[in-house]
**Q** 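Just passing along the structure, written as structure tokens.
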Amino acid sequence: METSDQHLLIVGAGHAGSELAVSARQNGWAGRITLLGDEPALPYHRPPLSKAWLAGQVDEDGLLLRPRSAYETARVELVSGARMEAIDRANRRIALADGTSMAYDKLALCTGGRPRPLSCAGLVPGARPRNLHYLRTMADAEGIRAQLTPGARVLIIGGGYVGLEVAASARGLGAEVTLLELQDRVLARVAGPEVSAFYERVHRAAGVDLRTGTQVASVEVDGDAIRAVVCRDGTRLPVDLVVAGLGMLVNVEAARVAGIAEEGGIPVDELSRTRDPHIVAAGDCTLQFNSLYGRELRIESVPNALEQARAAGSWLGGKPKPHRAVPWFWSDQYGLKLQMAGLSQGYERCVLRGDPDTRSFSAFYVDGERLLAMDAVNRPADFMLAKRALAQVCTVDVERLADEAVPLKELLHSAPVVAPAI
Ligand SMILES: Cc1cc2nc3c(=O)[nH]c(=O)nc-3n(C[C@H](O)[C@H](O)[C@H](O)COP(=O)(O)OP(=O)(O)OC[C@H]3O[C@@H](n4cnc5c(N)ncnc54)[C@H](O)[C@@H]3O)c2cc1C
């Protein structure tokens, strides 16, 4: 398509939005490109907010996804601190919070998500105590870091990645850390019991008071701060700050009103196209059918955001290249690199390769002979092999998988996926 007089308007200046802008230009989008976001800063890396940045090992410039000059070179106009409120599909305009509106020829929605709020007795909806934190943005991370002094009593609610990474960073800064997890193990949504048990041991050895099967009942607020958290079993935990890592809610309200999103996200195809031919979407806010797993998925990860953004950019630029990658993710805690490829839900058996006590092992999730997913702890070579194999339907020699004398690549056998029509 000839695009020289067309306007591509991208809403959401995070991982997906930044990548989509540059990718559309590289693929041949000739017209105007605007990248509009509601945060004040240039697009930045979100993962370090709970890791190296929180631990004080990276400065603000080190967080930027790209320097300002990269947007200038790609002729991308940046509009910061601007919030989209509504989409008028019939007239191809968006309404902004300041009362103005902007026209588009193509619209890209890259609005990500926001933290799920803590709800319990003692909290008044809409009035957040000054020491209750969530973690999604740089502003959130700055708020946590300002209160994370040595000896501070930090209570973390939620044993998912964000909660565990904040716990590790806080211990590194000398804080006293208690972590509460409602389920009977940490990482219950994403990893098998063996991997959960390993991370629980590591956190406890680092001095974290980790309590699974524990639910928050209420908070005691004194003035504008939480003084203590009370658990369902009656335990009262005095705190200096609380960080709630309870997962995220997708930012799709405007897209829902416009009729292109469901509660769980914006459905897109392998080129990141929505059901409106003038609108694409990428990143955490999308739902995409995955031919490897035969179901619609919403993936919260940087690689997924980048790959969907590139697929959208390729289509907008007239060189369509569908996104069919295997989902993958990483997490850094206490110098341990956890890398996960595939999705383990519904697995029948978990086979370990290597000994968790050596702090280097891999967990393979199989269903019959089919490999569904793998988690690697300090084993990048295993991860790379398995990730490549998982990009197709992968069977595995389950009986020999634990035998480290047999090279992993001899045990993995891949066959192409027959992709159903979308
Ligand atoms: C603390 C933390 C650690 C993480 N660690 C990892 C990790 O180790 N590995 C990994 O793969 N992933 C990690 N993630 C997840 C990863 O950051 C997300 O998957 C990724 O940021 C998704 O990119 P996105 O562009 O879809 O959304 P985002 O990066 O959230 O960007 C969306 C942007 O849109 C803006 N926006 C929303 N609504 C509007 C609107 N109406 N108008 C204007 N702007 C709007 C938002 O403010 C935001 O700036 C982590 C996330 C967090 C919070």
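Since this is a predicted model, take the numbers as computed values, not measurements. Every number for a ligand or one of its atoms is a count from 1 in the order of the listing. Side chains are part of it too, since the values below use all heavy atoms of this structure and drop only hydrogens, waters and symmetry mates.
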**Q** Which option out of Pro115, Ser50, Ala305, Cys110 puts a heavy atom nearest to atom 32 (C) of ligand 1?
**A**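 Comparing heavy atoms across Pro115, Ser50, Ala305, Cys110, the nearest one to atom 32 (C) of ligand 1 lies in Cys110.
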
**Q** Between Arg46, Gln339, Glu85, which one has a non-hydrogen atom sitting closest to atom 51 (C) of ligand 1?
**A**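 Among Arg46, Gln339, Glu85, the closest heavy atom to atom 51 (C) of ligand 1 belongs to Arg46.
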
**Q** Nearest heavy atom to atom 5 (N) of ligand 1: which of Lys51, Glu19, Glu165 does it belong to?
**A**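 It is Lys51 that holds the nearest heavy atom.
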
**Q** Numbering the atoms of ligand 1 from 1, which are under 4.0 Å from a heavy atom of Gly283?
**A**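 This gives 26 (O) as the contact atoms.
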
**Q** If you take the nearest heavy atom of each of Ile87, Val162, Ile299, Asp284, which one is closest to atom 22 (C) of ligand 1?
**A**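 The option holding the nearest heavy atom is Asp284.
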
**Q** Is Arg66 paired with Glu19 through a side-chain N to carboxylate O contact shorter than 4.0 Å?
**A**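 Yes, Glu19 and Arg66 are salt-bridged.
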
**Q** Atom 50 (C) of ligand 1: which protein heavy atom is closest, and how many Å away?
**A**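 In this structure, atom 50 (C) of ligand 1 has Pro47 CA, 4.4 Å as its nearest protein heavy atom.
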
**Q** Specify the protein heavy atom at minimum distance from atom 47 (O) of ligand 1: its residue, its atom name, and the distance to 0.1 Å.
**A**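 It is Asp38 OD1, 2.5 Å.
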
**Q** Which of the numbered atoms in ligand 1 are under 4.0 angstrom from any heavy atom belonging to Arg136?
**A**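 Near Arg136, meaning under 4.0 Å from one of its heavy atoms, ligand 1 has 21 (O), 27 (O), 28 (P), 30 (O), 53 (C).
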
**Q** May I ask you to identify the nearest protein heavy atom to atom 25 (O) of ligand 1, giving residue, atom name and distance to one decimal place in Å?
**A**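 Minimum-distance protein heavy atom for atom 25 (O) of ligand 1 reads Ala16 N, 2.8 Å.
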
**Q** I'd like the name of whichever of Pro48, Pro327, Gly12 reaches closest to atom 34 (O) of ligand 1 through any heavy atom.
**A**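 Nearest heavy atom to atom 34 (O) of ligand 1 lies in Gly12.
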
**Q** Run the salt bridge (charged side-chain N to carboxylate O under 4.0 Å, His left out) test against Asp367 and tell me which residues pass, sequence neighbours left out.
**A**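 Asp367 satisfies salt bridge (charged side-chain N to carboxylate O under 4.0 Å, His left out) with no other residue.
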
**Q** Of the protein's non-hydrogen atoms, which lies at the shortest distance from atom 27 (O) of ligand 1, and what is that distance?
**A**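 Looking only at protein heavy atoms, the one closest to atom 27 (O) of ligand 1 is Gly112 CA, 3.4 Å.
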
**Q** Salt-bridged, Arg275 to Glu262, with N to O below 4.0 Å?
**A**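 Glu262 and Arg275: salt-bridged.
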
**Q** What protein heavy atom is closest to atom 10 (C) of ligand 1, reported as residue, atom name and distance in Å?
**A**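 Protein heavy atom with the smallest distance to atom 10 (C) of ligand 1: Phe329 CE1, 3.3 Å.
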
**Q** Given Glu39, Met84, Met248, which has its nearest heavy atom closest to atom 48 (C) of ligand 1?
**A**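 The nearest heavy atom belongs to Glu39.
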
**Q** Quick check for you: to the nearest 0.5 Å, what is the distance between Tyr71 atom OH and Ile33 atom CD1?
**A**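 Reported value, rounded in 0.5 Å steps: 12.0 Å.
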
**Q** Just by distance, no angles: are the side chains of His7 and Thr34 close enough, under 3.5 Å, to form a donor-acceptor pair?
**A**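 Yes, because at least one side-chain N or O of His7 sits under 3.5 Å from a partner of the opposite role on Thr34.
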
**Q** Which ligand 1 atoms does Pro303 reach within 4.0 Å, using its non-hydrogen atoms?
**A**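 Contacts of ligand 1 toward Pro303, numbered from 1: 11 (O).
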
**Q** Salt-bridged, Glu165 to Lys51, with N to O below 4.0 Å?
**A**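 Looking at Glu165 and Lys51, the cut-off is met.
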
**Q** Answer yes or no: does atom CZ of Arg189 have more than 12 heavy-atom neighbours from other residues, nucleotides or ligands under 6.0 Å?
**A**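 Check fails, neighbour count at 12 or below.
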
**Q** Considering only non-hydrogen protein atoms, determine which one is nearest to atom 16 (C) of ligand 1 and report residue, atom name and distance to 0.1 Å.
**A**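 The closest heavy atom on the protein side is Val302 CG2, 3.8 Å.
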
**Q** Can you establish whether the number of heavy atoms outside Lys321 located under 6.0 Å from its atom NZ is more than 12?
**A**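 12 or below, so no.
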
**Q** Are any of the side-chain nitrogens in Arg324 or Glu270 under 4.0 Å away from the carboxylate oxygens of its partner?
**A**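 Salt bridge: yes.
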
**Q** Heavy-atom distances under 4.0 Å are what count here, so tell me which part of Asn251 touches ligand 1: side chain, backbone, both or neither.
**A**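 The side chain, only.
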
**Q** Calculate, to the nearest 0.5 Å, the distance between atoms CD and OG belonging to Gln288 and Ser272 respectively.
**A**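 It is 6.0 Å, given to the nearest 0.5 Å.
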
**Q** Please state whether Ala82 comes within less than 4.0 angstrom of ligand 1, counting heavy atoms only.
**A**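 Yes, Ala82 has a heavy atom closer than 4.0 Å to ligand 1.
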
**Q** Quick one: look up the protein heavy atom nearest atom 37 (C) of ligand 1 and list residue, atom name and how far away it is.
**A**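 The protein heavy atom lying closest is Thr111 O, 3.1 Å.
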
**Q** Under 4.0 Å from a heavy atom of Leu135: which atoms of ligand 1 are those, numbered in the order shown and with their elements?
**A**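 Counting from 1, the qualifying ligand atoms are 1 (C), 53 (C).
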
**Q** Between Glu39 and Ser80, which heavy-atom pair has the shortest distance, and what is it?
**A**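 So the minimum-distance heavy-atom pair works out to O-CB, 3.5 Å.
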
**Q** At less than 4.0 angstrom from any non-hydrogen atom of Ser301, what atoms of ligand 1 do you find?
**A**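 Answer for ligand 1: 11 (O), 12 (N), 19 (O).
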
**Q** Before accepting this row, confirm whether a basic side-chain N of the pair Arg136/Asp284 lies closer than 4.0 Å to the acidic partner's carboxylate O.
**A**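 Counted as a salt bridge, because a side-chain N and a carboxylate O are separated by less than 4.0 Å.
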
**Q** How long is the straight-line distance from CG of Leu49 back to OG1 of Thr137, given to the nearest 0.5 Å?
**A**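 Going from OG1 on Thr137 over to CG on Leu49, the span is 7.5 Å.
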
**Q** Which is it for Trp330 and ligand 1 at heavy atoms under 4.0 Å: side chain, backbone, both or neither?
**A**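 Both the backbone and the side chain of Trp330 come within reach of ligand 1.
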
**Q** Which value, rounded to the nearest 0.5 Å, describes the distance between Asp5 atom CG and Arg32 atom CZ?
**A**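 The CG atom of Asp5 sits 12.5 Å away from the CZ atom of Arg32.
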
**Q** How close does the nearest protein non-hydrogen atom get to atom 21 (O) of ligand 1, and which residue and atom is it?
**A**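 Checking every protein heavy atom, the shortest distance to atom 21 (O) of ligand 1 gives His15 CD2, 3.2 Å.
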
**Q** Heavy-atom contacts under 4.0 Å between Val11 and ligand 1: side chain, backbone, both, or neither?
**A**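 The answer is the side chain.
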
**Q** Looking at non-hydrogen atoms alone, which of Arg114, Arg83, Met340, Glu253 comes nearest to atom 39 (C) of ligand 1?
**A**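 Among Arg114, Arg83, Met340, Glu253, the closest heavy atom to atom 39 (C) of ligand 1 comes from Arg83.
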
